[in-house]
Number of protein chains: 2
Amino acid sequence: MPRSEESADPDASPDRGADSPESLQRPYHHGDLRRSILAAALEVIADQGPAALSLRDLARRAGVSHAAPAHHFRDRTGLLTAIAAEGYALLAETLSAADGLREAGVRYVRFAREHPAHFVVMFRPELLRTQDLELATAQALASHSLRSAVGSVPAEERGEDARLAGVAAWSLAHGFATLLLSHNLDDAVGERDPEDVFRALGEMLFRSAGS
Amino acid sequence: MPRSEESADPDASPDRGADSPESLQRPYHHGDLRRSILAAALEVIADQGPAALSLRDLARRAGVSHAAPAHHFRDRTGLLTAIAAEGYALLAETLSAADGLREAGVRYVRFAREHPAHFVVMFRPELLRTQDLELATAQALASHSLRSAVGSVPAEERGEDARLAGVAAWSLAHGFATLLLSHNLDDAVGERDPEDVFRALGEMLFRSAGS
DNA sequence: CGACGGATCTTGACAGTGACAAGATTGCAC
DNA sequence: GTGCAATCTTGTCACTGTCAAGATCCGTCG
């Protein structure tokens with residue numbers, strides 16, 4: 001657990017700027033507290049899950065008082081909501097750059113591996129303020145990207161129903177990503193690159209050649 | 001929150017009713033506290049998630065003191081571990097009764113819908129005592145059931161690798177179940193029976209006819 | 001029949017947490 | 001510069017999980 005870089009040692013250096021009376025090495029205003037807290041939160045969530053998240057702990061890491069985070073996120077729920085919104089925005093961007101449903105799936109899995117904390121929080125509605133505006137718009141954006149990826153599948157490939165193909169692809173990618181993150185596929189994947197494994201799954205689902 | 005002050009007479013203890021003390025509001029011994037707490041916990045988790053679980057609240061619902069649950073489950077973690085173990089045992093039983101990978105998938109999804117609390121907790125390793133003996137054996141049992149379902153797929157259906165087919169099926173079922181429980185497929189599924197939808201997905205994955 | 005040991009439950013305490021309110025400090029627009 | 005709003009602090013409260021020590025009950029063995 002790397003402590004945050006600043007703050008350093010309190011009174012190790014005797015010959016410091018003389019005009020600063022006694023304490024207060026750190027300025028009253030943190031400068032970028034919001035970002036700081038988000039970063040620390042992502043770190044905690046990534047390796048201990050959202051349940052282990054403590055606002056007071058985040059405040060301590062950032063070197064601010066216990067109530068400081070509340071001003072930026074209002075709530076624990078607010079913090080998680082902000083993370084989820086950021087996650088959906090990132091995912092939307094990632095997916096929109098993909099052409100073809102297969103590639104979108106691969107990107108979905110890659111996103112989950114590169115942003116595990118975001119990914120985990122995004123699918124825990126009970127921890128979020130689902131009516132939050134920023135979250136809702138980011139969600140809509142991601143949903144749109146996904147839908148357009150589904151639409152790009154040639155008609156003859158996708159069975160009777162495009163929507164069904166979308167659900168299938170999403171389920172496959174989401175299930176694979178989730179099981180991967182919860183270490184349920186460690187044995188099955190072994191040394192191989194998870195993305196390659198997933199590509200093989202995608203080809204089982206959409207049997208044709210093509211992109 | 002409904003106070004489930006049931007205290008339904010446990011039929012487990014045979015000769016009990018004769019000399020039950022009438023003066024006390026509740027007997028010193030609850031009678032079936034472990035089961036009571038488990039039931040209440042499942043209820044809470046099913047509609048608020050594991051994060052909302054409070055041992056003290058469960059104790060209140062069961063009408064016992066705040067420290068009573070600890071004797072049966074040691075920890076919050078212990079309680080969740082017990083639930084997960086029960087879940088894996090149930091799942092193993094369910095899967096072992098299926099013939100064919102497709103049917104196993106359907107049963108997997110059904111299990112998730114019928115036991116959402118179990119299902120959710122089973123895949124949150126960070127909340128569990130993963131080295132717990134009961135949990136590990138139940139997990140092994142379920143894993144065995146799943147593996148045998150994979151093995152039952154005729155060779156010509158399952159592409160190059162049985163293990164890959166297993167991962168595909170598991171990912172598809174797990175993803176579908178997860179997205180279903182988190183209400184991400186409400187629109188896509190609509191009025192249809194989720195099991196029917198999933199059957200269609202299964203047929204996309206394993207294109208042949210057969211069982 | 002009676003005592004005793006273990007299982008079950010209670011009471012009390014402690015540290016940690018999220019949330020709120022009220023005050024201190026700072027930067028910025030005017 | 002002055003005032004104001006954003007930012008951060010301090011103090012507090014109810015609640016939680018966990019531990020320790022005691023009370024009560026049960027089956028069992030003498």
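By convention in this document, chain letters (A, B, ...) are assigned in the order of the sequence lines, proteins followed by strands, and residues within each chain are numbered from 1.
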Rounded to the Å, how far apart are [X] [atom1] and [N] [atom2]?
{"X": "B:L53", "N": "D:dT18", "atom1": "CG", "atom2": "C1'", "value": "15 Å"}
{"X": "A:L55", "N": "D:dC8", "atom1": "CG", "atom2": "C1'", "value": "15 Å"}
{"X": "A:R76", "N": "D:dT16", "atom1": "CZ", "atom2": "P", "value": "15 Å"}
{"X": "B:I37", "N": "C:dT8", "atom1": "CD1", "atom2": "C1'", "value": "12 Å"}
{"X": "B:D32", "N": "C:dT8", "atom1": "CG", "atom2": "C1'", "value": "13 Å"}
{"X": "B:R74", "N": "C:dC9", "atom1": "CZ", "atom2": "P", "value": "18 Å"}
{"X": "B:F73", "N": "D:dG17", "atom1": "CZ", "atom2": "P", "value": "14 Å"}
{"X": "A:H71", "N": "C:dT26", "atom1": "NE2", "atom2": "P", "value": "16 Å"}

**Prompt:** Considering all heavy atoms of both residues, which atom of A:A40 and which atom of A:R61 are nearest to each other, and what is their separation?
**Reply:**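 In this case the closest contact between A:A40 and A:R61 is CB-CD, 4.1 Å.
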**Request:** Would you please indicate if the ring centroids of B:F111 and B:H115 are separated by under 6.0 Å?
**Result:**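 Between B:F111 and B:H115, the centre distance is under 6.0 Å.
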**Centroid-centroid under 6.0 Å between B:H174 and A:F176 rings** =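 Not close enough - the centres of the two rings lie 6.0 Å or further apart.
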**Asked** Side chain of A:T81, backbone of A:R129: donor and acceptor closer than 3.5 Å?
**Response**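 Answer holds: yes.
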**Message:** Tell me whether A:R76 contacts the main-chain N or O of A:L53 through its side chain, where contact means a donor paired with an acceptor under 3.5 Å.
**Reply:**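 Yes.
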**Item:** Pairwise distance CD1(B:I83) to NE2(B:H118) - rounded to 0.5 angstrom
**Value:**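 Here the rounded value is 6.5 Å.
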**Message:** Under 4.0 Å, heavy atoms only, any strand: does B:L58 hit a base, just the sugar-phosphate, or nothing?
**Reply:**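 Here B:L58 touches no strand at all.
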**Request:** For B:L79, report the nucleic acid contact type (base, sugar-phosphate, nothing); a contact means any heavy atom under 4.0 Å.
**Result:**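 B:L79: no heavy atom of the nucleic acid under 4.0 Å.
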**Asked** Taking 4.0 angstrom as the limit, do A:R113 and A:D193 come out as a salt bridge?
**Response**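 Result for this pair is yes, salt bridge flagged.
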**Prompt:** Nearest of D:dC8, D:dT18, C:dT10 to any side-chain atom of B:D75?
**Reply:**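 Between D:dC8, D:dT18, C:dT10, the one nearest the side chain of B:D75 would be D:dT18.
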Between the protein and nucleotides 11-15 of chain D, list the N/O to N/O atom pairs that are separated by less than 3.5 angstrom.
| residue | atom | partner | partner atom | Å |
| --- | --- | --- | --- | --- |
| D:dG11 | O6 | A:H66 | NE2 | 2.7 |

**Message:** Does D:dC8 have its OP1 or OP2 closer than 4.0 Å to a side-chain nitrogen or oxygen of A:H72?
**Reply:**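 Yes, within the criterion.
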